[in-house]
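Protein chains get the first letters and strands the later ones, always in sequence-line order, with residue 1 at the start of each.
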Amino acid sequence: MKEYFIQHAKDYVGKTVTLKGWAYSFRKGGKIWFLQLRDGTGVMQCVVTKFDADEASFELKNVITQETSVMVTGVIKEEPRSPGGYEILASKVEVVAIAEEYPISKKEHGIDFLMNNRHLWLRSKRQHAIIRIRHTIIKAIRDYFDDRDFTLLDTPIFQQAATEGTATLFETDYFGEKAYLTQSGQLYGEAGAAAFGKIYCFGPTFRAEKSSTRRHLTEFWMVEPEMAYCDLDMDMDVAEDLVFYIVSQVLEHRRSELETLERDISKLEAVQSPFPRISYTDAVKILQENGVEFEWGDDFGGGDETIISNQFPSPVMVHRYPSAIKAFYMKRDPENEKQAMALDMLAPEGYGEIIGGSQREDDIDALISRIKADGATEEDYSWYLDLRRYGSFPHSGFGLGVERVVSWICGLKHIRETIPFPRTISRLNP
RNA sequence: UCCGGAGUAGCUCAGCGGUAGAGCGAGUGACUGUUAAUCACCAGGUCGGGAGUUCAAAUCUCUCCUCCGGAGCCA
């Protein structure tokens, strides 16, 4: 049996079709009633009159409630008076299940109420638009790597050792042993780069940070490419190219969703490659010129990132951070030991860091001494060190946080709306 | 963890020592072009929990809980 979806309504003009969905809203009259039918792909106005529909269908106006599941059969026609430009003149309306009084109305609600009803809130226009843009962003990421000879390498979620510092690990019991939820697939990605040349991993990531801010989730999605025979400049080339591609795909395929969100699209259209690349040292100068008391060696706070990113319409890449504030696996700058071959990409409009990456340390002795300096042992990282023992190679990669990108592209005030069921420090349900 | 704000009807809020309120939503009725419809009628409450002050507490005090905003923390 053929299925019909509201987003393809223009292909159905003049045809009799059956639409299946839920009652989004309605207006009831004495001899006519209007039903806005939502089917997940769009909203269609259904017109039910005493003359065109059978009596049983017409009388359903007395029992139908918001979010009642219904099937409507009728002819699709163009209609300027309809919100979507098309409507269906119903010959038959069938109720599948009457909905109880729906808690989410079209008026204002507080964020706590909406988050408690997240499973229902997803049905509303705005959330629908965000999740569809998220989908397009994720598809763009996958297409980007798949089309450029990267191999997908799925990395484990249960891990034995930390990648990004032990303070933010979620600990779990693994048959009597301690295991941790992954903070990053990177170390495994490096093994993959030695096997396949160019790989990416893409999956959920967990950070037990006690951060309660508009840009932190405890569970978020990250894509991490890792590339053999790739230095920091090449790494930045890929990061820039990927983000530019994501933005262009959203602009091409999700314009109406951006409009639903009232996103200033000109800000996205202003994103142009090449993206600016500045060193950490230059970034410090920008801060100082803007009156911020900042010393070389400190890490940027949220406000600092905003000042830096506001200098540019495109995302800006800051490279060569002080090695002291960066992870053990990052290669030192051959020209300055105090700097790591690291890069962060900061999104425009104050959305902060969307990418963090680096050229990796390929010298085994340097790695071992830093592992020890962090209080860990060679044993803890024995398989990782094997990657340097058996054909060490220059390589680089980065991680892109999907929700930060969704938040920026959608122009959201808070990251909690970027994922269907957000996990934050204060929310585990629904 | 710190600072600030808030918990009153299904929802959003007003009331701030003296009879528990409004708008929206729900319900009932009218309407053949509605877009957050309009109009009329109507139901709806352990004022976050506990303790205290007072003749009297939604209102003042203490305490706990929850949420929100910011800071810190955080590739």
Side-chain angles (χ1 to χ4, degrees), chain A residues 24-36 43-53 58 61-63 65-67 79-85 87 89 99-117 120-121 124-125 162-169 182-187 205-218 220 222 224 239 299-303 305 318 321-323 325-330 340-346 352-358 360 397-401 404 413-414 416 424-427 429:
Chain A
Y24 192 66
S25 64
F26 36 79
R27 302 284 160 270
K28 301 168 186 176
K31 290 169 187 151
I32 184 170
W33 55 287
F34 302 93
L35 166 68
Q36 305 300 330
V43 176
M44 172 68 78
Q45 171 157 288
C46 309
V47 181
V48 190
T49 74
K50 274 198 157 164
F51 313 107
D52 302 291
F58 184 78
K61 77 179 170 109
N62 296 318
V63 298
T65 58
Q66 190 180 357
E67 290 302 321
E79 173 53 70
R81 286 176 293 185
S82 170
E87 67 181 22
L89 184 59
E100 294 176 28
E101 188 182 336
Y102 192 61
I104 299 180
S105 71
K106 293 196 169 64
K107 286 281 183 174
E108 281 182 273
H109 294 286
I111 189 64
D112 189 42
F113 173 82
L114 289 169
M115 290 308 309
N116 285 333
N117 289 283
L120 304 176
W121 190 23
S124 67
K125 268 202 177 105
T163 311
E164 304 293 348
T166 50
T168 66
L169 287 167
T182 180
Q183 300 166 303
S184 164
Q186 183 202 310
L187 305 189
T205 304
F206 307 88
R207 304 264 171 106
E209 289 164 17
K210 293 226 163 67
S211 300
S212 175
T213 80
R214 61 178 65 184
R215 358 198 245 222
H216 286 86
L217 294 168
T218 55
F220 63 96
M222 188 156 70
E224 296 173 275
D299 206 353
F300 302 132
E305 289 181 351
V318 181
Y321 279 76
S323 43
I325 58 169
K326 288 293 180 184
F328 74 93
Y329 53 72
M330 294 186 181
M341 299 295 272
L343 80 105
D344 278 2
M345 186 189 289
L346 307 179
E353 184 185 345
I354 53 174
I355 280 180
S358 67
R360 319 307 188 187
F398 61 84
L400 174 141
R404 295 256 179 105
K413 290 198 186 90
H414 201 294
R416 66 189 153 212
T424 64
I425 190 167
S426 63
R427 183 163 298 278
N429 181 62

Consider only side-chain N and O atoms of [X] and [Y], and report whether a donor and an acceptor are under 3.5 Å apart.
X      : Y      : result
A/E224 : A/S184 : yes
A/T205 : A/R207 : no
A/E101 : A/T65  : no

Donor-acceptor contact below 3.5 Å, side chain A/K28 vs main chain A/K61: yes
Check: A/R215 main-chain N/O paired with A/R404 side-chain donor or acceptor under 3.5 Å: yes
Just to be sure I understand the rule, does [X] reach a base, reach only the sugar-phosphate, or reach nothing, if contact means heavy atoms closer than 4.0 Å?
X      : result
A/G357 : base
A/F113 : sugar-phosphate
A/R404 : nothing
A/S358 : nothing
A/S426 : sugar-phosphate
A/E87  : base
A/M222 : base
A/I355 : base

Involving RNA chain B, stems made of at least three consecutive Watson-Crick or G-U pairs, both distances under 3.5 Å: B:1-7 with B:65-71, B:10-13 with B:21-24, B:27-30 with B:38-41, B:48-52 with B:60-64
Ion pair check, A/D344 and A/K326, cut-off under 4.0 Å: yes
Please determine, for the side chain of [X], which listed nucleotide ([options]) has the closest atom?
X      : options                : result
A/E79  : B/rG69, B/rG33, B/rU34 : B/rG33
A/D112 : B/rG33, B/rG72, B/rC67 : B/rC67
A/R416 : B/rG69, B/rC73, B/rU35 : B/rG69

Residue A/K125 excluded, over 12 heavy atoms near NZ under 6.0 Å: no
Rounded [atom1] spacing from [N] to [M] in Å:
N      : M      : atom1 : value
B/rU8  : B/rG33 : P     : 41 Å
B/rG21 : B/rG27 : P     : 25 Å
B/rG45 : B/rC39 : P     : 26 Å
B/rG48 : B/rA43 : P     : 25 Å
B/rG17 : B/rA58 : C1'   : 10 Å
B/rC3  : B/rC62 : P     : 15 Å
B/rC60 : B/rG5  : P     : 13 Å
B/rC55 : B/rA26 : C1'   : 41 Å

5'-most by nearest nucleotide on RNA chain B - A/K210 or A/K61: A/K61
Between [X] ([atom1]) and [N] ([atom2]), how many Å, whole number?
X      : N      : atom1 : atom2 : value
A/H109 : B/rC13 : NE2   : C1'   : 13 Å
A/K50  : B/rC31 : NZ    : C1'   : 12 Å
A/H216 : B/rC73 : NE2   : C1'   : 8 Å
A/I425 : B/rG72 : CD1   : C1'   : 12 Å
A/R81  : B/rU34 : CZ    : P     : 8 Å
A/N116 : B/rC11 : CG    : P     : 10 Å
A/M115 : B/rG69 : CE    : P     : 11 Å
A/D299 : B/rC73 : CG    : C1'   : 11 Å

Qualifying residue for side-chain hydrogen bond (donor to acceptor under 3.5 Å, both in side chains) with A/Q45, from A/R81, A/E79, A/Q36: A/Q36
Distance in Å, A/W121 CH2 paired with A/F113 CZ, rounded so as to fall on 0.5 Å steps: 11.0 Å
Pairwise distance CH2(A/W33) to NZ(A/K50) - rounded to 0.5 angstrom: 13.5 Å
Within the 6.0 Å centroid threshold, strictly below: A/Y24 and A/Y102: no
Quiz item: A/Q45 side-chain donor-acceptor pair to B/rU34 base, under 3.5 Å: yes
Polar atom pairs between nucleotides 23-27 of chain B and protein, under 3.5 Å, N or O only, would you list them?
{"residue": "B/rA26", "atom": "O4'", "partner": "A/E101", "partner atom": "OE2", "Å": "3.3"}
{"residue": "B/rA26", "atom": "O2'", "partner": "A/E101", "partner atom": "OE1", "Å": "3.4"}

Side chain to side chain contact (heavy atoms under 4.5 Å, CB included) evaluation trace for A/V47 with A/I32: CA-CA 7 Å; A/V47 181; A/I32 184 170; 3.8 Å; yes
